[in-house]
Amino acid sequence: MAVLDTAIDPRNPAYQENRDAMLERLTALGNALDLARAGGGERHVTRHHARGRLMPRERIDLLLDQDAPFLELSPVAGWHTDHPVGAGVVTGLGVVEGVECVIVAHDPTVRGGVLNPIALRKIERAGEIALANRLPLISLVESAGADLPAQAEAFVPGGSVLRDLARLSADRIPTVCVVFGDAVDMAAWLPGLSDYTVLVRAQAKVSVAGPRLVQEATGEVSDGEALGGAAMHATRSGLADFLAEDERDAVRLARRCLRRLNWRKLGPPPRTALAVPPKYDPEDLLAIPSADERGPFDPREVLARIVDGSDFDEFKSGYGPALVTGWAELHGYPVGVLANARGMLVSAEAQKAAQFIQLANASGTPLVFLQNASGLMTGAEFEQGGIVKHASAMMSAVATSAVPHLAVNMGAAHGAAAYAMSGRAMHPRFLFSWPNARAAALAPAQLTGVLTALARQAAEVKGQRYEEDFDRNLRMNVERQVDAQTAALFVSGRLHDDGVIDPRDTRTVLGLCLSAIHSGPVGGADRFGVFRM
Amino acid sequence: MIRRLLVANRGEIARRIFATCRLIGIETVAVYSDADADAPHVAEADYAVHLPGNAPTATYLRGDLILHAARKTGADAVHPGYGLLADNADFAAAVIDAGLTWVGAPPKAIALLTSRLESRALLADAGVPMLPAFGEPEHVPGFPVLVKADVGSGGRAMRIVRDPDTLSDAFAAVRREAAQLFGNGAALAEPYIERARHIEIPVIVDAAGGVITFGERECSIQRRYQKLIEETPSPAVAPGLRAELCTAATAVVRASGFVGAGAVEFLLTPSGEFFFLEMNTALQVEHATSECVSGFDLVRLQLLVAEGAPLPMNAPPPVRGHAIEVRLCAEDPAYAWLPSTGRLHRFHVPDVTGSFKPLPQPGLRLDTGVGDGSVVGIHYDSMLAKLVAWAPTRHEAARMLAAALTRSHVHGVVINRDLLVRVLRHPAFRSGNVDISFLDRHPEVFAPLLSSVDAVRVSCLAAALAGAAARRATSPVLATIPSGWRNVPSGAQITVYDGPAGPVEVGYRLERTGELAGWWVRAVDPEELDLAGLGAPPLTDDHPPVAVVAAAPDRVVLDVNGIRLAFGVHRVGDVSYVDSPEGSVALTELPRFPRPSELADGSLTAPLPGAIARVMVVPGQRVRAGDLLLTVESMMVEHPVHAPAAGVVASVPVQPGIHVAAGTLLAVLNPD
């Protein structure tokens, strides 16, 4: 037992200041989530309810086991884009009949549930998670198909979603599709490519094209019921495996499918069945990152509030102190942790990380990356010390490691340091951000500096005078833009992570993900690339 | 000397008699029906003999089988307990003829005293105050009158007649019922005295004619002429009246040649007059109250005098304090005393200080025929147990009894506990202002203890939170993740219960810390259950502020408006039994995904398990609303099933004699 100590003092004035700053960001997150929850707006939601139909989150709540948790993925996808927040689809990890599943539910109140490019990327990501972690996929369908005005962007990802359904099935990962309403155009293939289908009587309509398009294409006049009605599919076409009387009945039937899957997880169960919670209050996590985003913080304070019993066995604590490595358990699952302690990675840190990642692969232990990395150290001394070589080895280790990776951006993930810390490009199984986190190719200050320097250089090349006023204005504009585009909500809005989470939920989110990951086998890599030494 | 005693009875009284037998060295023999094979009275006897079947007429009322059992086991005495064969003179004679000791009154005395008409003249001559009785309707001079069977007991075949026009009908009905129930169709009418009290004098008489009277018992709290609460002494009896009552009781005993243990029952009018009602020739249910205040073991005395021994005392024992007994019955007072059957999942009364024998010092005595897991069937009396409080004063005894009842856990069958508590706490009861119409005059005692809207709501919430804790604890995955956790808070968790006042929906949402983020409890229309509960939670301000202190599957502690309250939650199948100091409630969780109903409209189902007694209609028959369609007999009471509306009977899939479970389809009516 190596129970972590804490130096966090709630009486410290900085504590309250930091906490207030975080709460403000959480309010902004809450506002974005409100937009996602509101679906197509009050008028559409009321009309939908009046027809006896449920909203996607209501369908999910009904589908899930009572009191089971649900982790919604990318809830703010589409934030600050041309598309609605949430993108008109809900995806997430939940438990149905004791089986951890990926659930995808269309929101028919958002433009009839049409699948815009963001929605398709969100669904694609859900399919990727289902495949990587061997999680059954349940689709709750009510969609008019692809977003035709945006068809250029929707065309290819639309097919990828269907490809994933087929691959899941081929990998013996069951897929269940419940059709609550229209499933036309691209959406018609969702039941077609799923293992089990449930169609709701007098609601579900599944057809390649709706009556209007059929008439246009062939001149044939047909009503929706004959073309794609649930009863027709249950008795004539055979597309429906189960005919449900209403929405609740459909959910019941879908649950029956899950119950009969005879599902067994392939990963090892938690090593400790009833994990001990951390010794320290997770509430403090709000006050650990500094309000001004610049001050570094000790990730051990974070670990002390997320790992079981605050028990953390640090590895190589005296070597490469800017990166903390060590072993812990999270909800009973053993994990290896890599956590940035100071912004910059140097050779020693990179070498330590490469070794640690190999150890985790040797023991088949999942890795948790707690990111707070503004970059790699530059300068002659560091280059001569082999920073490129060593950071390359770390990146290579991360890229070829086969144990599951979980990543949380606690503050910053910039440039090559983000890659080395299993950023999005490295395809960790899951990646979440705290509301204060930023992610970019360069740290925001450097990015601003580089962009303005480029402008100055361009002016010089053209022989133009470079006005200092112009420089000031440019700098301000660029700063504002960089500030906006590196912020957690913006990053998450573009699906560069799986969601922005409340820091207090970090332990819960990681626990949910670890358990989901263990649906599939968990093991280490049997080979790595050539590391430059 | 009795060596081995057969008790021709069941339930608590059999156990009571066995307890004294063990104490004084008499071996014991039990008899049991099919349903009672696992009953406590069988387990506690040295020997037990099976009486095949279940109906009392096939088992405990079969004197021949019981005598055969006595012979087979070598029993040399038979104790009838109370009820059943206790006042059957023929059986008493048969026991004596078989050469066995009969622990009861002489057959002649039983025969005489069980017929009201026959005993009248004799007792009037002995100076016992009697009400006039009229054997024919035309002789009745005034109203109201009570028309009742001449023989028989248990409050059956009786009715009050206030309207002269209905007298003949009442006589006819009572005669018919009496013939059916007691094999004797004689009926009589007595003046009905409004607001009379039921006072009785327990007696023990030895073979030599020694009579000991015990202090009077008051048994005025009655339902359907059956006693519910009994106490001694009576708050209405002063020493002078007591002496008169004892003198009259002694006169009854002497005139009738009674020997053994019994009780002479009187009506006490509001003006202080009293009249002989009848004599009960057996040990009574309420004997335990007399045992408390006298300190005597009445079963022991009864056995002694049956053996021919003289009574060990020659003066009534002094009365020490006050004792009150309640009868815990498996029936629902609020629903016309409908009997309740099923498995008694838990039967726990706290702080009991003794059972089946006189208490050495004031306290609580519980005599029960059932325990955890007992099955309460349809065949026998609904009384499960009796609870007696003995305290220095009446006030203390009532308080002690009410508190113990409130804290009791009785799960699985509906009992009359709440009504008993409300009576014991009623100001009229507390001031001693009781009479046999108490329950008619105080309908407020029929309200459940858990009656305030908030108390019911909070109990429902406790049940739901216990359910959540149980589901989390047994979840195969993610059991350590906070209950119902969401990163995007959406709806609430919903549980729908069928409660005493119809279906209620409980909604709750927890914080990541397990704190309650919001909750509601509301009545829901069972027809609209499928989509109810989704959409916006109707969180209203009228809910008391509640914080969760602890929530485990079997115990939930809530802070309600600044007051900490613990709720015991016992879940059996779909039913959660919630007990708290505020009262108890049984909540049946309705399925989250109900299957479409298979019952057609107009279906009538059995209100309780039992046997079909009579079927009055045939398919195709036109009926009016309220017409009697058929009857279900359960716990020796016939329950009518009426037409809810006018219409045509479509089908009657049952016949007389068949057994039906609660909810069995009895008839289908096509309403107009």
Side-chain angles (χ1 to χ4, degrees), chain A residues 30 33 36-37 45 49 52-55 57-62 64-73 75 86 90 92 95 98-100 245-249 251-253 255 265 269-270 273-275 277 282-283 308 331-332 432 499-502 504-505 508-509 511-512 515-516 518-519, chain B residues 463-497 505-516 528-537 551 553 574 589-598:
Chain A
L33 295 178
R37 261 193 302 256
V45 173
H49 275 149
R53 299 195 183 192
L54 299 177
M55 292 293 288
R57 284 177 187 80
E58 293 167 345
R59 286 172 180 160
I60 291 170
D61 280 341
L62 203 52
L64 295 171
D65 291 352
Q66 260 183 300
D67 306 296
F70 182 64
L71 171 62
E72 202 174 311
L73 297 166
V90 181
V95 184
V99 179
E100 289 156 289
E245 293 307 317
D246 54 26
E247 296 213 3
R248 189 175 283 259
D249 195 37
V251 170
R252 178 183 69 83
L253 290 165
R255 289 178 56 85
K265 295 175 76 169
L274 277 176
E283 200 64 30
D308 295 355
H331 285 281
F432 296 94
V500 181
I501 60 169
D502 187 316
R504 292 170 291 192
D505 288 330
T508 296
V509 170
L512 270 159
S515 182
H518 284 74
S519 293
Chain B
L465 293 174
R471 282 188 291 271
R472 295 307 296 147
T474 55
S475 172
V477 294
L478 303 175
T480 53
I481 299 292
S483 183
W485 179 88
R486 298 283 189 276
N487 57 329
V488 183
S490 53
Q493 300 292 332
I494 304 279
T495 306
V496 181
Y497 292 112
E505 171 195 278
V506 186
Y508 57 91
R509 200 162 64 208
L510 301 179
E511 305 274 13
R512 62 170 68 76
T513 53
E515 270 299 301
L516 203 54
E528 289 171 11
L529 274 186
D530 50 347
L531 290 179
L534 295 164
D574 295 335
E589 187 172 336
L590 296 180
R592 208 174 157 209
F593 300 98
R595 301 295 304 269
S597 172
E598 283 157 16

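Residue numbering restarts at 1 for every chain, and letters A, B, ... go by the order of the sequence lines.
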Checklist outcome for this item: Of all heavy-atom pairs linking Pro69(A) and Leu478(B), the shortest is CG-CD1, 3.9 Å

Next on the checklist: Can you tell me which portion of Thr495(B) sits under 4.5 Å from chain A's heavy atoms? Options are side chain, backbone, both or neither.
Outcome noted: both

Next on the checklist: A side-chain contact here means heavy atoms from C-beta on lying under 4.5 Å apart; do Phe593(B) and Leu253(A) qualify?
Outcome noted: no

Checklist entry - Roughly how far apart are Gln66(A) CD and Glu589(B) CD, rounded to 0.5 Å? => result 5.5 Å

Next on the checklist: Heavy-atom pairs under 4.5 Å with chain B - which of Leu33(A), Ile60(A), Leu64(A), Thr508(A) has more of them than the others?
Outcome noted: Thr508(A)

Item to check | Sub-4.5 Å side-chain heavy-atom contact between Pro489(B) and Arg37(A) | outcome: yes

Checklist entry - Going by heavy atoms in the side chains, are Asp65(A) and Ser475(B) under 4.5 Å from each other? => result no

Checklist entry - Closest approach of Val477(B) and Gly98(A), non-hydrogen atoms and distance? => result CG2-O, 3.8 Å

Item to check | Under 4.5 Å from any heavy atom of chain B - which part of Ala273(A) | outcome: backbone

Next on the checklist: Using every non-hydrogen atom in the two residues, find where Ala68(A) and Gln493(B) come nearest and quote the distance to one decimal.
Outcome noted: O-NE2, 4.5 Å

Next on the checklist: Counting C-beta onward and ignoring hydrogens, is there a side-chain heavy-atom pair between Asp502(A) and Asn487(B) closer than 4.5 Å?
Outcome noted: no

Next on the checklist: Below 4.5 Å, heavy-atom pairs only: which of Leu510(B), Thr513(B), Thr480(B) has the largest tally toward chain A?
Outcome noted: Thr480(B)

Checklist entry - By number, which residues in residues 464-474 of chain B have some heavy atom less than 4.5 Å away from chain A? => result Ala468(B), Arg471(B), Arg472(B)

Next on the checklist: Can you tell me which portion of Arg504(A) sits under 4.5 Å from chain B's heavy atoms? Options are side chain, backbone, both or neither.
Outcome noted: both

Checklist entry - How far apart are the closest heavy atoms of Val488(B) and Glu72(A), and which atoms are they? => result CB-OE1, 3.4 Å

Item to check | Backbone N/O of Leu62(A) and side chain of Arg592(B): donor-acceptor pair under 3.5 Å | outcome: yes

Item to check | Interface residue of largest heavy-atom contact number with chain B, from Met55(A), Glu100(A), His518(A), under 4.5 Å | outcome: Glu100(A)

